[in-house]
Every structure is written in structure tokens, then in C-alpha cells.
There are 2 protein chains.
Amino acid sequence: MAKTADPLQLDSMLCFAVYAAGHAFTRFYKPRLDALGLTYPQYLAFLVLWEQDGLTVKALGDRLFLDSGTITPLLKRLEARALVRRQRDDQDERLVRIFLTDQGRALRAQALSIPLQVGEALGGDAEAAATMRAGLQQLRERLDAALE
Amino acid sequence: MAKTADPLQLDSMLCFAVYAAGHAFTRFYKPRLDALGLTYPQYLAFLVLWEQDGLTVKALGDRLFLDSGTITPLLKRLEARALVRRQRDDQDERLVRIFLTDQGRALRAQALSIPLQVGEALGGDAEAAATMRAGLQQLRERLDAALE
DNA sequence: TGCAATTCAATTGCGCGCAATCGAAATATC
DNA sequence: GATATTTCGATTGCGCGCAATTGAATTGCA
């Protein structure tokens with residue numbers, strides 16, 4: 001006897017659980033990131049740039065799994081607020097490298113408390129969170145591998 | 001000795017794993033849903049409507065964790081293609097109820113193969129998928145509960 | 001009964017997210 | 001060294017996703 005007869009049951013679908021959890025994260029981050037004046041994707045870009053300055057648009061996109069159509073306008077908004085600087089590479093003029101300004105670098109200090117708040121909201125079980133993170137990474141790899 | 005000194009490391013973050021897995025799902029679904037002429041959020045709406053016809057916009061939104069600003073235009077696009085019908089409730093004229101057309105109902109048959117393809121891409125481990133789904137649902141609940 | 005508060009869908013504005021396309025620049029091929 | 005191909009970023013168009021607001025309809029309460 002099958003547990004669920006319907007193969008199209010929303011609440012049994014992994015894709016929807018991922019989708020809904022993603023929105024829940026965005027909602028959770030919203031008030032915290034408002035304090036920094038950042039959106040969630042902008043925050044992700046800073047996570048990358050705080051790790052490594054001077055990346056190309058392409059490298060940043062590869063890191064976040066986003067393309068230039070998303071990243072270019074995002075970076076222009078950050079540049080307009082003097083949080084990053086965009087500069088053509090001297091050697092290869094196709095490349096645009098992204099550098100943090102002092103102001104952009106300074107944001108990092110204000111971001112440090114956010115992961116703590118996430119850990120707290122999740123009940124402090126870092127072990128479970130790490131397991132789930134690893135599972136999701138594998139999920140992403142398998143889905144990407146299945147693209148033809 | 002701590003494993004990761006940096007609390008802002010992108011690759012250690014659960015939120016990013018969820019975010020990236022969500023996009024990977026969308027990419028995976030894209031060619032399959034193109035065959036039905038649906039986007040992923042539209043597909044989610046049909047999953048709900050195939051389960052229960054005649055829901056209000058509000059009820060549909062509650063089910064998908066989306067608000068009217070997202071759902072209203074989505075439904076209007078579906079109505080323009082004669083896949084659903086929107087009708088004011090007789091008793092309470094604030095409510096708009098969503099009904100499937102025959103065409104919308106017929107889409108279900110074409111969608112049946114999609115979950116199978118997901119299962120296949122994920123290596124057929126339904127057990128692991130169910131565990132992960134449950135973990136993500138709990139994650140969502142905890143994040144939502146932490147919203148002040 | 002009358003008026004305030006609430007509920008609901010719709011709308012507006014803005015920021016993603018991605019496909020498709022473009023032009024410039026670099027590389028490969030001959 | 002000229003030509004074809006590839007790479008990179010920007011741009012356009014469209015569909016979410018959500019905050020904030022609006023207006024109509026309903027409900028609550030005195």
C-alpha cells in the first residue's frame with residue numbers, strides 16, 4: 001500500500017520545500033539586511049567580495065550561479081552607492097573587475113552578527129545545519145549534472 | 001581549533017545552499033515545463049489547483065507562501081490563456097475564486113512524468129529526498145517563527 | 001443601526017533571474 | 001597576418017516576489 005497515491009502532491013515535493021525555504025530565508029534576512037541597506041543577492045555578492053577582492057563579473061557570477069543579466073545591474077546599483085568600484089582590466093579589456101571601496105569593506109563588520117542570528121533561529125544545532133547544507137549542495141550538483 | 005574561522009564564508013552557509021539549490025531546480029524544470037508552456041511558479045499553482053479547484057486567491061497564496069502581488073498577475077496570465085477562470089464569489093464579493101478550465105485540467109496528464117524525472121536525476125533515493133524535504137519544512141517553520 | 005476596523009484583491013514600484021542578443025576584444029586557425 | 005571563432009559584459013524583455021497603498025466589501029462593536 002503506497003503512502004501517497006498522488007505523484008503531484010505539492011507537500012511531498014522536494015522542489016517546493018526548497019523553494020519555500022528559500023523565501024523564508026529571504027524574509028528572515030530582510031530586516032537584518034535592511035540595516036545594512038542590502039538586498040539578499042547583494043549580500044551574497046559581498047560575501048564573495050569580502051573573501052576575494054578584484055574578481056571579474058564572470059568569476060563572481062560563477063561563484064553565485066548567476067549570469068551577467070542579473071549581476072551587471074546589481075553591481076551598478078552598488079557602484080552608484082559607492083560600495084564597489086568597477087574597473088576594466090588593463091590586460092584584457094573584455095573583463096570588468098570589481099573592487100570594494102572602503103565603505104563596502106566597512107559593511108562587513110555590521111554583517112558579522114547575522115549568521116549568529118540564523119544559528120539562533122535554527123535552534124543552535126550547527127551539526128544538523130551542516131548536514132543539510134551538504135545535502136543541498138549534492139542536490140544542486142545532481143540537478144545541474146542532469147541538464148542534458 | 002575551529003574548522004572555519006570565517007563566520008561569513010559563503011560555502012558554509014545554509015542559506016546559500018538553499019538559494020542555489022532552488023535555482024538549480026528551476027533550471028532543471030525549465031525544459032520540462034516549457035513543454036507544458038508553464039513557468040515554475042505557474043506549475044506550483046497548478047499543483048494546488050489540481051488538488052483542489054475553486055480556491056480563493058488568498059487560499060492559493062497561503063498554500064504557496066506568496067501574496068496577491070505575485071499571484072494576481074500570474075493568474076491573469078493563465079486566464080488569458082484559458083487555463084483557469086477567475087470568478088467573484090457570490091456570497092462574499094471580496095473573494096475571487098480560481099477554477100480550472102478543461103484545458104487547465106488536461107495539463108495534469110502531461111505533468112505526471114516530471115516527478116519521475118526528478119527522482120531519476122536525484123539517483124532514485126526517495127528515502128533521502130523525503131528526509132531532506134522534512135528537514136527543509138522544519139527549517140522554513142523555524143525561520144518563519146523567528147520573524148518577531 | 002451606524003461607524004470603525006478588518007479583510008480581500010488589485011495595483012505600483014523596484015529588484016532580481018534568465019533567455020536572447022549584441023558589440024567589442026581576444027584567441028585560434030590557416 | 002587576415003579571418004573565423006570564442007569570450008566577456010552589457011542590454012532588452014518578461015515573469016516573478018514583495019512592500020506599500022488603494023478601494024470595495026464585510027465584520028465587529030457600541
Side-chain angles (χ1 to χ4, degrees), chain A residues 16 19-31 33-34 37-46 55-81 83-84 86-98 144 147, chain B residues 16 19-31 33-34 37-46 55-81 83-84 86-98 144 147:
Chain A
F16 178 61
Y19 176 84
H23 291 167
F25 257 124
T26 301
R27 280 193 298 272
F28 180 86
Y29 274 109
K30 180 75 167 54
L33 290 176
D34 280 349
L38 297 179
T39 65
Y40 180 66
Q42 289 169 1
Y43 171 67
L44 291 181
F46 273 107
L55 286 175
T56 65
V57 172
K58 175 96 172 64
L60 183 56
D62 286 347
R63 201 72 209 295
L64 299 176
F65 306 103
L66 298 174
D67 72 357
S68 69
T70 300
I71 291 189
T72 294
L74 182 153
L75 291 172
K76 287 192 167 183
R77 279 185 284 272
L78 296 179
E79 186 181 42
R81 296 170 49 203
L83 298 175
V84 305
R86 298 173 336 114
Q87 183 174 338
R88 290 272 167 197
D89 188 288
D90 289 337
Q91 313 305 317
D92 187 339
E93 298 219 344
R94 292 172 305 179
L95 309 180
V96 170
R97 296 195 174 275
I98 312 300
D144 280 341
L147 292 181
Chain B
F16 178 61
Y19 176 84
H23 292 167
F25 257 124
T26 301
R27 281 193 298 272
F28 180 86
Y29 274 109
K30 180 75 166 56
L33 290 177
D34 280 348
L38 297 179
T39 64
Y40 180 66
Q42 288 169 1
Y43 170 68
L44 291 182
F46 273 107
L55 285 175
T56 65
V57 172
K58 175 97 172 62
L60 183 56
D62 287 347
R63 202 72 208 296
L64 299 177
F65 306 103
L66 297 174
D67 73 356
S68 69
T70 300
I71 291 187
T72 294
L74 182 154
L75 291 173
K76 287 192 167 185
R77 280 185 284 271
L78 296 179
E79 186 180 41
R81 296 170 48 204
L83 298 175
V84 305
R86 297 169 343 110
Q87 183 174 337
R88 290 273 166 195
D89 187 287
D90 288 338
Q91 312 305 316
D92 187 339
E93 298 218 343
R94 292 172 306 181
L95 310 181
V96 170
R97 296 195 174 276
I98 312 300
D144 279 340
L147 292 181

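Lettering follows sequence order; numbering is per chain, from 1. All heavy atoms count here, side chains included; hydrogens, waters and symmetry mates do not.
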Atom CD of A:E93 and atom P of C:dG23 are separated, to the nearest Å, by 19 Å
May I have all residue pairs that pass salt bridge (charged side-chain N to carboxylate O under 4.0 Å, His left out) and include part of residues 65-80 of chain A, sequence neighbours excluded?
-> A:E79-A:R86
In whole Å, what is the span from the CG atom of B:L78 to the P atom of D:dC14?
-> 17 Å
CD/A:Q91 to CG/A:D89 distance, rounded to the nearest 0.5 angstrom?
-> 6.0 Å
Output the residues of residues 22-30 of chain A in contact with DNA chain C, where contact means a heavy atom of the residue under 4.0 Å from an atom of the strand; sort by number or write none.
-> none
Nucleotide N/O of nucleotides 2-7 of chain C paired with protein N/O under 3.5 Å:
from  : atom 1 : to    : atom 2 : distance (Å)
C:dT7 : O2     : B:R94 : NH1    : 3.0

With under 30° as parallel and over 60° as perpendicular, where do the rings of A:Y29 and A:Y43 fit, or are they tilted in between?
-> tilted
Rounded interatomic separation in angstrom, taking CD1 from B:I71 and P from D:dG17 | 10 Å
Answer with base, sugar-phosphate or nothing: what part of the nucleic acid does B:L74 contact at a heavy-atom distance below 4.0 Å?
-> sugar-phosphate
Would you kindly compare A:T39 and A:D92 by the position of their nearest DNA chain C nucleotide and give the one closer to the 5′ end?
-> A:T39
Does the side chain of A:Y19 get closer than 4.0 angstrom to OP1 or OP2 of D:dG17 through an N or O atom?
-> yes
I'd like a table of atom pairs between the protein and nucleotides 10-12 of chain C - only N or O on both sides, under 3.5 Å - with the distance next to each one.
from   : atom 1 : to    : atom 2 : distance (Å)
C:dA10 : OP1    : B:R86 : NH1    : 2.7
C:dA10 : OP2    : B:T72 : OG1    : 3.0
C:dA10 : OP2    : B:R86 : NH1    : 3.3
C:dA10 : N7     : B:S68 : OG     : 2.9
C:dT11 : OP2    : B:K76 : NZ     : 2.7

Take the protein atom CG of B:L95 and the nucleotide atom C1' of D:dT26, then report the distance between them rounded to whole Å.
-> 10 Å
What's the verdict on side chain to side chain contact (heavy atoms under 4.5 Å, CB included) for A:F46 and A:V84, showing C-alpha distance, side-chain angles and the deciding distance?
-> CA-CA 9 Å; A:F46 273 107; A:V84 305; 4.2 Å; yes
In whole angstroms, the gap separating P of D:dA10 from CD of A:Q87 amounts to 13 Å
Could you walk me through whether B:V57 and B:I98 pass side chain to side chain contact (heavy atoms under 4.5 Å, CB included), step by step?
-> CA-CA 7 Å; B:V57 172; B:I98 312 300; 4.0 Å; yes
Whole angstrom is fine here: how far is it from CG in B:L66 over to C1' in D:dC16?
-> 9 Å
Going through the distances and angles, do A:K58 and A:L95 end up as a side chain to side chain contact (heavy atoms under 4.5 Å, CB included)?
-> CA-CA 8 Å; A:K58 175 96 172 64; A:L95 309 180; 6.0 Å; no
Whole angstrom is fine here: how far is it from CG in B:L60 over to C1' in C:dA9?
-> 13 Å
Salt bridge (charged side-chain N to carboxylate O under 4.0 Å, His left out) involving B:R63 - partner list, sequence neighbours excluded = A:D11, B:E51
Please set out all donor-acceptor pairs under 3.5 angstrom arising from side-chain atoms of residues 68-75 of chain A, sequence neighbours excluded.
from  : atom 1 : to    : atom 2 : distance (Å)
A:T72 : OG1    : A:S68 : O      : 3.1

Picking from B:F25, B:Y40, B:F65, what satisfies side chain to side chain contact (heavy atoms under 4.5 Å, CB included) with A:Y19?
-> B:Y40
What's the spacing between B:L38 CG and B:R81 CZ if we round to 0.5 Å?
-> 6.0 Å
Can you check the B:Q91 CD to C:dC8 P distance for me, whole Å?
-> 16 Å
Residue whose nearest DNA chain C nucleotide is more 5′ - A:D90 or A:Y40 = A:Y40
Is the backbone N or O of A:E93 less than 3.5 Å from a side-chain atom of A:R88, with the two atoms forming a donor-acceptor pair by type?
-> yes
Under the side chain to side chain contact (heavy atoms under 4.5 Å, CB included) rule, what do B:H23 and A:L66 come out as? Steps first, then yes or no, please.
-> CA-CA 9 Å; B:H23 292 167; A:L66 298 174; 3.9 Å; yes
